*Asks:* 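A single structure is presented below for examination.
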Amino acid sequence: MTSDDTSAQPLTPVVLHTLLALAEGPLHGYAVMKRVEEDSGMAMGPGTVYGSLQRLEEAGWIKEAGPAPGDARRGRAFALTAAGKAALGVEGARLARLARRVGRLRLDPAR
Amino acid sequence: MKHTSRWLRALVDMSAALYGLALRRYPTPFRRRFGERMVADCRRLLHDETARAGVLGWAWACARVARDLLRPLPRPLSEVDVARTSQRAKHDGAHVARARMAADDLRAAWRSLRRRPGFTALLVGVLGVGIALNASIFAVVDAYMLRPLPYPDAARLVQVRPANSAVGWTNSQDVFEKAVSWNLDAFTLVGDAGPEIVLGARVTPDFFDVYGVRPAIGRAFRSDEGGEGGPAVAIISHRLWTGRFGGDPGVLGRTVDAYATDEGGGLESFTIVGVLPHDFWYLNGYTDVLTPLREPGPVYVGRLRPDVPPERAEAVLAARARAAGAVPTGGVDVGLRPLQDAYTASIRPQLMGLRMGARLVLLAAGGSAGLLLLVRASGRTREMSVRRALGAGGGRLATHLFGEGVLLAGSAGMVGTGLGWVGLGALGTVIEARLGRAVPGGTEALRLDASVLLAVVVLGGLVAFALGAVSVAMASRRSLMRGVGGGARGGAGSGGAGRVRAGLVATQVALSVVLLSGGALLVRSAFHLERMHLGFDPTRLEAYTVGLTSEGADDPVTRAAFFDAVVRRTTELPGVASAGLLRSVPFTGDLIARGVEVEGRNAPEPLPEVVPQIVSAGGFSVLGVSSLEGRLFTVDDAPGTAPVAVVSASLGSALAGTGAAVGARIRFTAFTMPDMEEVPGPWMAVVGIVPDVADGIGGARPTLYVPYAQAPSAWMDLVIRRRPGSPKLAQEVRTLVRDLDENTPLYEEIDIPDAVRRARAPSRFLAALLAGFALFSLGLSVVGLYGVAAYAARQRRRDLAVRIALGASRGTVERLFLRDAAVTVVLGVAAGIPGGLALGGALRGQLHGVGAYDAITTLAVVMGVAATALLAVWIPARGAARLEVSSILREE
């Protein structure tokens, strides 16, 4: 797992987009579901949403926080932890390296 | 919302309710935590979609939720993912990075363990018990053998042995800084507080300097207080001060009157000049009354000068004793022995036996933990392969796995320390009683202190390392699980992990054999003791040690009259069935055996040493002992008539080698010890033979009984058999004896059934302890074998299904498994037998009625372990042989 190693196992799309959804601030489950859907078109159901939230929490990447701002009736929201941010950062760096490499191939669909 | 028609709203409600029911498919904890929110979210999704696209929206949302319901819950993030967090470490300095990586690894390990709480608890429990046992045993070993005796600079204290009259204080000052000699004695204190027997000693005045102790109040002896004509001063124990003297601060200067038992010089009056500190601990407990020794004897214990090494001191003293002609030809040279050594030598084998057992248990626990980790590894194969495929360095993998080992061992260490703490509190006194020697410094010295905790840390470290090593060995094999459990493709232990696993199972089996061998011997020994024929009936027997103290105690006639009266009046007490006298009742066994000889006969083999027992005319019948041959004592065996004796059956058969036992004339030989110039006893005619009477858990020793009337002693045990239903008679007997002689106390009250029970208890305890651990270990091997076989069966479902489909019989399949397991089991058993024999040897001192190397026990253990082990394999094998072939093949 060296720094220019792009072969590292990618995060699953669900995990990546869930982290990304939470990166801008704490959200509750339904908001995560909608946000991921907007970002990626993935239509998750509640089982997948809470299932992955639980797994992310176990991994120490997110934690259950207080109610989401302006949405108190929705119950507790989930927020990224430092470890979660780091993990997202690492994945971002990996994707960026990957993007650079692809970019060097000059396969720009616009051309 | 307002566009939504009423029936669409009903549809949404109904679908959400259905979803609520469908949630049952999820695990309860998950449902409990998120269920409410999930139903709410589902309703909101249905509602939003219906509002957007009407019934089509509803249908789309339903499809989305239904698909989600059919999906499995996301799996835990692999540790690879979790570990990626630590990549940020690269941005830090090198050793910060390393520290952070280690912390991350530990965190990751912690999460991975927490994800399997049951498994983790099992591992921690198994290891914790092993560590607790070792901590307790280490605390005991530490208290006796490692920690210095509770005296300043205790390493310089040595015992001179054998004590030699040529090594006195005056000619050893170049070797010893201070030295001490003593005479132990029992003192009967008399006075207003009533008579009381206490243990004390006459000591040379330097006693206090030798042991480095200062009295708590008052002063030590002055050096001019020893020797003939010195002042009659005494220093008393803290116990006696707080007890008999009520902790009176003005005790100094008071006098205490006492009769000494051994030095029958009549009533002595001592002035108390000091009180010992409450925490003063002495090797033999004879410290209630210390008074200066009048005739300094040989040095018993000395404090070496700091500049004299023990070897040189020993050489100097030995040479001096030889030069003085004080070592008989062929006699033993004077030697020095560290006091601690001398104190603990007799219990060392037991301590070592306990320690060995404890270590074996820890090994077994560690082995089981390793097996459990290996079995679990099946679930982590993919994770490991992924990590390896990613090029995760072996180092990184190893730190992670070692991290798990460290966490497991650390938790186990904490659990073990807690358990050990509790266990030691409960078992401390039992162990002390078992060892038969007081813990140096008192029972409270038996504790988990810093050195014990250090030992726990070391043990924990070893366990952690071993567990990590097992995991790494296992993870470093690519074709990890292929060979596991052996099997048709490669036979037992083909793959690396297979070998590790088979090795662990074999070790486990071997340890079970070792522990079970020891446990079985101890159990047989305990059973032997339970069933041991005592030779007497202990029911409702009680005894009181009576030491006649008054002025006439020296006179045999007075003694005989006193004890006759005691017996007669005791017999008259209500509730007494019978009463008699015995020099020492069984199971208080402190009679020292003596040599005997037979008149005019040369025994083909030397006669055994015999216990010199004294018994009153009615004594045998109180014990329930009747004669096998000849007669018992009668009132006619009086002083002045021909001396007679009764022998026990074992002495009788020893005598039989020289001719008929009854009618032989026998006597005690003179003492052979130097300084004891005693003439042989009188010749006594053997008039009868009685059955052997056990005088302790060692069973019966050859015993020679002489009639009390012909050998009246001042100290006798009054033994009483109560009538059924009568309460104990301590108070009545005390009053009765006091009425006869106001200065004669009861020294000891003995409940004989209780003494028998207590004598057996330690052996039961040790047997239960070791047997318990042996069974625990066997259980672990069974779990290990079962787990391995069940795993192999699962892994090879397809392979087996094909075989069965091709016509392999169920028997063939079962045999396949049994054959693989048999190799492991046989190896384990074979490795265990020598260990079992060695443990038996180490336990030799604890065994009664069974030899240390017992073929039957070994055979039974081996058969038992092998049968149990194969049964553990056969169950999953049987399951495997009954596979539903078609369904498996379809499934693949």
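Note that the structure is predicted; figures quoted are calculated from it, not measured. Computation of the quantities below employed the complete heavy-atom set of this structure, encompassing side-chain atoms and omitting hydrogens, waters and symmetry-equivalent molecules. Note on naming: letters A, B, ... go to the chains in the order of the sequence lines (proteins, then strands), and numbering restarts at 1 for each one.
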*Asks:* How long is the gap from CZ on B/R33 to CD on A/Q54, to the nearest 0.5 Å?
*Replies:*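 Interatomic distance, B/R33 CZ to A/Q54 CD, rounded to 0.5 Å: 6.5 Å.
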*Asks:* Report all side-chain donor-acceptor pairs from residues 11-23 of chain B shorter than 3.5 Å, counting only partners two or more places apart or in another chain.
*Replies:*
{"from": "B/D13", "atom 1": "OD1", "to": "B/R43", "atom 2": "NH1", "distance (Å)": "2.6"}
{"from": "B/S15", "atom 1": "OG", "to": "B/L11", "atom 2": "O", "distance (Å)": "2.5"}
{"from": "B/S15", "atom 1": "OG", "to": "B/W58", "atom 2": "NE1", "distance (Å)": "2.9"}

*Asks:* Where on A/V15 is there a heavy atom nearer than 4.5 Å to chain B: the side chain, the backbone, both, or neither?
*Replies:*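 Just its side chain gets close to chain B.
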*Asks:* Under 3.5 Å, side chain of B/R67 to main-chain N/O of A/G45, donor-acceptor pair present?
*Replies:*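 It does not hold such a pair.
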*Asks:* Non-hydrogen atoms of chain B under 4.5 Å away: do they reach the side chain of A/K85, the backbone, both or neither?
*Replies:*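 Looking at A/K85, nothing touches chain B.
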*Asks:* When you measure from the side chain of A/R55 to the backbone of B/P74, do you find a donor-acceptor pair of N or O atoms at a distance under 3.5 Å?
*Replies:*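 Yes.
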*Asks:* If you tally heavy-atom pairs under 4.5 Å against chain B, which of A/G29, A/A93, A/A43, A/G51 wins?
*Replies:*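 Option with the greatest count: A/A43.
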*Asks:* Contact part of B/L45 toward chain A, heavy-atom cut-off under 4.5 Å: side chain, backbone, both or neither?
*Replies:*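 Backbone plus side chain of B/L45, per the 4.5 Å heavy-atom cut-off to chain A.
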*Asks:* I'd like to check B/R64 versus A/E37 (side-chain heavy atoms, cut-off strictly below 4.5 Å). Are they in contact?
*Replies:*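 Answer yes - side chains close enough.
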*Asks:* Determine, stepwise, if the pair B/M38 / A/V49 fulfils side chain to side chain contact (heavy atoms under 4.5 Å, CB included).
*Replies:* CA-CA 9 Å; B/M38 288 167 77; A/V49 172; over 6 Å; no
*Asks:* Not counting sequence neighbours, list each pair that qualifies as a side chain to side chain donor-acceptor pair (under 3.5 Å) and has a residue in residues 39-52 of chain A.
*Replies:*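 Those involving residues 39-52 of chain A are A/T48-B/D68, A/Y50-B/D41.
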